[in-house]
Protein chains: 2
Amino acid sequence: MAKRRRVGNLLALAVLAALVERPRHPYEIAAVLRARGKDQDMPIKWGSLYTVVANLERHGLVAAVESGRQGRRPERTVYRITEAGRAELVDWTRELVAVPEREQPRFEAGLSVLGVLRPDEALELLRQRLDRLEAQLAAQRAALAGHAREVPRIFLIEAEYDLAVREAEATWVRGLLDELTTGALPGLAEWRAWHETGAVPPEWADLADRGTEPHGGLADLADRGTEPHGDLADLADRGTEPHGDLADLAERGTEPH
Amino acid sequence: MAKRRRVGNLLALAVLAALVERPRHPYEIAAVLRARGKDQDMPIKWGSLYTVVANLERHGLVAAVESGRQGRRPERTVYRITEAGRAELVDWTRELVAVPEREQPRFEAGLSVLGVLRPDEALELLRQRLDRLEAQLAAQRAALAGHAREVPRIFLIEAEYDLAVREAEATWVRGLLDELTTGALPGLAEWRAWHETGAVPPEWADLADRGTEPHGGLADLADRGTEPHGDLADLADRGTEPHGDLADLAERGTEPH
DNA sequence: AGCGTAATACTCGTCTACGAGTAATCGGCG
DNA sequence: CGCCGATTACTCGTAGACGAGTATTACGCT
């Protein structure tokens, strides 16, 4: 699963889809994508477009049809999709639809380091996200409803999907916000205390060390102390580090926010 | 918003977060990330790790503390986070949390070209996705429940978020599947007919050529004066090949399925 | 004691993404 | 009818992402 594509950029998928209808030159492809609102979720990157088309050609997925100037416009190359390209488009689509891939949304990355902010600031920022999210959702819903009157729903499924997922996100954020305001979230008090005093709460002291041992992994939490040699020396080193934790604490004192 | 980061890779965020606790050498950072399950959503790319650390150092966000071999292990460089790095971490986190960014999920890309598949194949593939999704969800739920016994929920919110969003995805897919099996989805019959006969259904004929005229796409920029979103009606183009082009016609004869 | 395997800690080179620039052409206006 | 700004169509350089490889050390097993 997730076979390596000769041309991996998703822009290539859009290019192939645009060329399946008829041969076009790159700039026209860009125009079509823009006209279809593709540039909303994926602003067109010119460098990538030409690289991607060139790569598609190199791999025989598209082929140049004609070149040279027509009318009075600058020179340009028109490409058509090849049989291999058509096959790639279909196969790629199959994979994208059938295989759920773990992705890495930026918000999730943000959540994973949320602890670096003070809880009340986190609360405020989450509120902002929710506001923006709701505004975007309202706009999306309106746009979708408008288009649903002109076009069969089949053509709108990716918009519907996007809407559904983002609604779920909004709901989830709302729930988290609620737990933060009511103080229901376990660990909240320690989080707050840590930011106020600068000291790691005793309940969390051992959590920081996970996976720092060689051969690491959660498993050897249990193994600690029975580890024969070498690893313990390593841990000892850490304790005697010239400016290790002290420097860290010193800096935290001067930290602005 | 979405200010350009000196080091844009999200891996850099994880690195900064790992260094905030204490100075570490790159390999140890990787070990920590792995131990915390970060490699689940983002398998560790060695090349990127060292490039990212080097870039962080170049921009003064981290600094080398010591180098040379300790114990009997190979040489290594230990890095600590700097004041600037701490500021960047905090600022970046703020942005990631507060600003919802339209992303480009692979599944959505797949949906947007779903028309290239026959409806019954699409149905089958969506079923496969749902199966896999449910299996993954079950595993995630179990893992989360396991961790929840050892660690305060605060450390698990990104996993909870991921779970919530993927559950929403599963629900949405289930709904779509239902509409496809019952035939309730408007446009389904035409989609099927098009794949069986190769002819564009008359209902869609007029939707076909929007935004493709030379000079076009841009010409209707005027229409969009009020709404920044493109005219989604143009989505109708998808999968409606005009039968005018010689190269295109020649190839279509040899097209499989 | 010696061998094989696993883990450690990187390095290097290729391949890709992308944006800032550039040159040609068009269309409109005075 | 010639100039100006917008549009068209692309090029190129740089920075980044990434994986395959490499060398060293530890450890179990016989």
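Residue numbers start from 1 in every chain, and the chains themselves are labelled A, B, ... in the order their sequence lines are given, proteins ahead of strands.
- In this structure, B:Glu28 places its CD atom 15 Å from C1' of C:dC10, rounding to the nearest Å.
- Between B:Asn55 and D:dG16 there is a side-chain polar atom (N or O) within less than 4.0 angstrom of OP1 or OP2.
- Checking D:dA9, D:dC18, C:dC10 against the side-chain heavy atoms of B:Tyr27 singles out C:dC10 as nearest.
- At least one side-chain heavy atom of B:Asp162 sits under 4.5 Å from a side-chain heavy atom of B:Gln140.
- Contact check, A:Arg6 against C:dC15: no side-chain N or O comes under 4.0 Å of OP1 or OP2.
- A:Asn9 has a side-chain polar atom (N or O) that falls below the 4.0 Å cut-off from OP1 or OP2 of C:dA17.
- Using a cut-off of 4.0 Å between Lys/Arg side-chain N and Asp/Glu carboxylate O, B:Arg5 and B:Asp91 are scored as salt-bridged.
- For the residue pair A:Gln128 and B:Ala98, the shortest heavy atom distance occurs at OE1-CB, 3.8 Å.
- Heavy-atom nearest nucleotides on DNA chain C were determined for A:His59 and for B:Gly47, and the one closer to the 5' end corresponds to B:Gly47.
- The CH2-P distance, from A:Trp46 to C:dT22, rounds to 18 Å in whole Å.
- Residues A:Trp92 and A:Leu10 have side chains in contact (heavy-atom distance under 4.5 Å, counting atoms from C-beta outward).
- In this structure, A:Tyr79 places its OH atom 11 Å from C1' of D:dC10, rounding to the nearest Å.
- Checking the phosphate oxygens (OP1, OP2) of D:dC10, a side-chain nitrogen or oxygen of A:Tyr50 falls inside 4.0 Å.
- Taking 4.0 angstrom as the limit, A:Thr51 places none of its side-chain polar atoms (N or O) nearer than this to OP1 or OP2 of C:dA17.
- The distance from atom NZ of A:Lys45 to atom C1' of C:dT16 is 12 Å, rounded to the nearest whole Å.
- Rounded to whole angstrom, the span from the CZ atom of A:Arg5 across to the C1' atom of C:dT16 amounts to 18 Å.
- For the pair B:His25 and C:dT8, the criterion of a side-chain N or O lying under 4.0 Å from OP1 or OP2 is not met.
- Applying the 4.0 Å criterion to OP1 and OP2 of C:dA7, one finds that B:Arg34 has every side-chain N and O outside that range.
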